[in-house]
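Here is the structure we will look at.
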Protein chains: 2
Amino acid sequence: MDKKRKQQLEEKGFRVGSAADFLELSPEEEAYIDIRLDISNMVKSQRAKRGWTQEQLARAIGSSQSRIAKLEGGDPGISLDLMIKALLRLGTSKKQIGKLLEGELEAA
Amino acid sequence: MDKKRKQQLEEKGFRVGSAADFLELSPEEEAYIDIRLDISNMVKSQRAKRGWTQEQLARAIGSSQSRIAKLEGGDPGISLDLMIKALLRLGTSKKQIGKLLEGELEAA
DNA sequence: TTTAATTATGCCAAATTCGACATATTAAAG
DNA sequence: CTTTAATATGTCGAATTTGGCATAATTAAA
């Protein structure tokens, strides 16, 4: 199972470091990717909740539709900064983001 | 007071957008900077808690001492990604980061 | 004080991320 | 089916962030 997950991550473009050369991700690598996926998923769900298109969200933060698509798809070439800016623009509060990372939020 | 804060931010290098041309930061800009400062402060306190030097932390995440210094100083030229990687390497959990953003953590 | 250790600041070229644009692909509606 | 809106994918040059390095500035210990 881990082998498959690693392959999936690499297909998405993640650089799985030396620790992963033996198939496993380090706890830090796992947690880092986990946080990114949590946040990108929250952008997707919050945008849907507000009925915005990717184009609308993109314009609202001075970005482009293609980057929002990549963001929501978990593309590693998207910074956490851009993700957070998107979330905030969607009306998500710092507190809500905290709850998400705490695991108290399912999909928001 | 707000005038002073804006000036401080600009001195640090932040680009305070059009909304700030009238002296105020938008709620999103405020929250974004707030999140970054919270996390950078947590890196500083967690590192101190473990008695690591900036050099040690830098090596542990494949970075450099100068970037850790800038990170802890709230330099805007440091990505949230690097900050999160540093926090995780210091043993901070995703859950703890969540609590920090929720406001349930004073200094950690 | 002098010395050593740590942290802060500035610059560089390389790597990464950016917005943008074009163009598939998919989904929904007619 | 066709049309249209929305999303996904790929590429480009520009902008940002990177690690590394030099060197101040600060702090602590002697």
Side-chain angles (χ1 to χ4, degrees), chain A residues 8-18 28-29 32-33 35-37 39-90, chain B residues 8-18 28-29 32-33 35-37 39-90:
Chain A
Q8 289 174 332
L9 289 173
E10 285 175 338
E11 283 166 359
K12 286 242 176 187
F14 274 103
R15 299 282 175 72
V16 178
S18 57
E28 293 91 348
E29 287 172 330
Y32 172 64
I33 293 175
I35 288 173
R36 289 180 51 96
L37 292 183
I39 295 179
S40 76
N41 286 336
M42 195 181 196
V43 170
K44 190 166 193 169
S45 60
Q46 288 285 313
R47 180 179 63 82
K49 190 177 178 182
R50 286 177 173 59
W52 286 16
T53 65
Q54 293 181 341
E55 177 71 24
Q56 284 176 306
L57 174 56
R59 297 287 174 95
I61 63 172
S63 183
S64 57
Q65 179 267 329
S66 65
R67 295 204 75 76
I68 302 298
K70 285 161 188 167
L71 188 165
E72 294 182 355
D75 187 313
I78 301 290
S79 73
L80 274 172
D81 296 79
L82 191 64
M83 296 189 204
I84 294 298
K85 285 176 185 171
L87 262 192
L88 293 174
R89 192 56 229 265
L90 285 165
Chain B
Q8 288 174 333
L9 290 171
E10 285 175 339
E11 281 167 1
K12 286 241 176 186
F14 274 102
R15 300 284 174 72
V16 178
S18 57
E28 292 91 348
E29 287 172 329
Y32 171 64
I33 293 175
I35 288 173
R36 289 179 52 97
L37 292 183
I39 295 179
S40 76
N41 286 336
M42 194 180 198
V43 169
K44 191 166 192 168
S45 61
Q46 288 286 311
R47 180 179 64 81
K49 190 177 178 182
R50 285 173 174 64
W52 286 17
T53 65
Q54 292 180 344
E55 177 70 25
Q56 284 176 307
L57 174 55
R59 295 288 174 92
I61 63 173
S63 183
S64 58
Q65 179 268 329
S66 64
R67 295 206 74 75
I68 302 299
K70 286 161 188 167
L71 189 166
E72 294 182 354
D75 187 313
I78 301 290
S79 73
L80 274 172
D81 296 78
L82 190 66
M83 297 189 203
I84 295 298
K85 285 176 185 172
L87 262 192
L88 294 174
R89 192 56 230 265
L90 286 165

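Every chain is numbered from 1, with letters handed out A, B, ... down the list of sequences. Note that the coordinates shown come from a computational prediction; the quantities given were computed from them, not determined experimentally. No hydrogens, no waters, no symmetry mates; every other heavy atom, side chains included, goes into these values.
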A:Arg47 side-chain N/O to D:dT7 phosphate OP1/OP2 under 4.0 Å:
yes

Rounded to the nearest 0.5 Å, how far does CG of A:Leu71 lie from CZ of A:Arg47?
10.0 Å

When A:Ser66 and B:Lys44 are each assigned the nearest nucleotide of DNA chain C, the 5'-most assignment goes to B:Lys44

I'd like to compare against my own output: the B/S/- annotation of nucleotides 23-30 of chain D with a strict under-4.0 Å heavy-atom distance to protein.
--------

Restricting to non-hydrogen atoms, name the atom on B:Gly13 and the atom on B:Pro76 that form the minimum distance, rounded to 0.1 Å.
C-CG, 3.6 Å

Under 4.0 Å between any heavy atoms, over every strand shown, what does B:Ser64 touch: base, sugar-phosphate, or nothing? Just pick one.
base

Name all residues meeting the salt bridge (charged side-chain N to carboxylate O under 4.0 Å, His left out) criterion together with A:Arg67; count only those two or more places apart in sequence or in a different chain, and write none if there are none.
none

Hits for side-chain contact (heavy atoms from CB on, under 4.5 Å) against B:Glu28, two or more places apart or cross-chain, chain-then-number order -> A:Leu88, A:Arg89, B:Ser26

Gap between atom CG of B:Leu82 and atom OG of A:Ser79 - 0.5 Å precision
12.0 Å

Distance (rounded to the nearest 0.5 Å) between B:Met83 CE and B:Ile68 CD1
10.5 Å

May I ask you to list the residues of residues 67-75 of chain B, by number, that have any heavy atom positioned under 4.0 Å from an atom of DNA chain C?
B:Ala69, B:Lys70

Listed once per pair and sorted, the salt bridge (Lys or Arg N to Asp or Glu O under 4.0 Å) pairs that draw on residues 77-88 of chain A, sequence neighbours left out
A:Asp81-B:Arg36

Partner set under side chain to side chain donor-acceptor pair (under 3.5 Å) for A:Gln65, not counting sequence neighbours
A:Gln54

Just list the side-chain donor-acceptor pairs under 3.5 Å for residues 56-63 of chain A, sequence neighbours left out, or say none.
from, atom 1, to, atom 2, distance (Å)
A:Gln56, OE1, A:Thr53, N, 2.9
A:Arg59, NE, A:Glu55, OE2, 2.8
A:Arg59, NH2, A:Glu55, OE2, 2.8

D:dT17 phosphate, OP1 or OP2: any side-chain N/O from B:Ser79 under 4.0 angstrom?
no

Find the distance between CD1 (B:Ile39) and CD1 (A:Ile84) and round it off to the nearest 0.5 Å.
7.0 Å

Interatomic distance, B:Ile61 CD1 vs D:dT17 P [rounded to whole Å]:
16 Å

Difference in axis direction between the ends of the helix from C:dT1-D:dA30 to C:dG30-D:dC1, five pairs, 10°:
50°

Could you tell me from which nucleotide to which nucleotide of DNA chain C, 5' to 3', there is an atom under 4.0 Å from chain B heavy atoms?
C:dT6 to C:dC11

To the nearest 0.5 Å, how far apart are CZ in B:Phe14 and CD1 in B:Ile33?
4.5 Å

Separation of D:dT9 P from A:Ile78 CD1 (nearest whole Å):
12 Å

By nearest nucleotide on DNA chain C, pick out whichever of B:Asp81 and B:Trp52 is the more 5' one.
B:Trp52

Partners of B:Ser40 by side chain to side chain donor-acceptor pair (under 3.5 Å), sequence neighbours excluded?
none

